[in-house]
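Below is one structure, written out as structure tokens; the observations come after it.
All residue numbers in this chain count up from 1 along the given sequence.
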Amino acid sequence: LEAGSQPTRFSAEGLTVGLSVCYDLRFPELYRAYAGADLLVVPAAFTYTTGQAHWELLLRARAVENQCYV
């Protein structure tokens, strides 16, 4: 495994899909690099405490900012 250096996207069944991980949600500028994506996939392992406080809010923010499904 290696750290990534560029935002990663791929095509699946006619959709452009962007990939990130849970901590990335805190950095909206990363998601700007996914301009034009139809779907952003964000696998995560938030704990109950932080997930309850941040997870849905951050997902909704990234979806609204980028006008795509998350």
Side-chain angles (χ1 to χ4, degrees):
L1 297 174
E2 294 180 16
S5 60
Q6 298 294 320
T8 301
R9 62 167 77 197
F10 64 94
S11 293
E13 298 188 27
L15 297 174
T16 301
V17 181
L19 298 174
S20 64
V21 295
C22 57
Y23 189 69
D24 294 338
L25 282 172
R26 291 167 171 25
F27 305 99
E29 58 276 1
L30 168 66
Y31 294 91
R32 288 187 203 117
Y34 290 121
D38 301 300
L39 171 67
L40 299 173
V41 178
V42 189
F46 270 81
T47 64
Y48 179 77
T49 303
T50 58
Q52 187 175 24
H54 302 166
W55 179 242
E56 185 182 353
L57 177 66
L58 289 170
L59 288 172
R60 284 186 291 144
R62 299 300 84 89
V64 168
E65 292 167 349
N66 295 287
Q67 295 295 293
C68 66
Y69 292 99
V70 176

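Minimum interatomic distance between C22 and A45 (heavy atoms only, all atoms of both residues): SG-N, 4.0 Å. The shortest non-hydrogen separation linking G14 to D38 is O-OD2, 4.1 Å. Annotation for A37 and C68: closest pair O-CB, 3.3 Å, computed over non-hydrogen atoms. For the pair R26 and H54, the tightest heavy-atom approach, listed with the atom from each and the gap, is NH2-ND1, 3.2 Å. Y31 and L40 get closest at one heavy-atom pair: CD2-CD1, 3.5 Å. Closest approach of T16 and R9 over heavy atoms only: CG2-NH1, 3.6 Å.
Counting heavy atoms from C-beta on, the side chains of W55 and V42 come closer than 4.5 Å.
Residue V64 is not grouped with residue L57 when hydrophobic side chains (ILVMFWY) are merged at heavy-atom distances under 4.5 angstrom, including chains of intermediate members. Under the 4.5 Å side-chain contact rule for hydrophobic residues, V41 and Y69 share a cluster.
Under the rule for a side chain to side chain contact (heavy atoms under 4.5 Å, CB included), the partners of L30 that lie at least two apart in sequence or sit in another chain are P7, S20, D24, Y34.
Counting heavy atoms of neighbouring residues, nucleotides and ligands inside a 6.0 Å radius, atom CZ of F10 exceeds 12 of them. Within 6.0 Å of atom CD in Q6, 12 or fewer heavy atoms from other residues, nucleotides or ligands are found, so the atom counts as exposed in its surroundings.
The distance from atom CZ of R32 to atom CZ of F27, rounded to the nearest 0.5 Å, is 12.5 Å.
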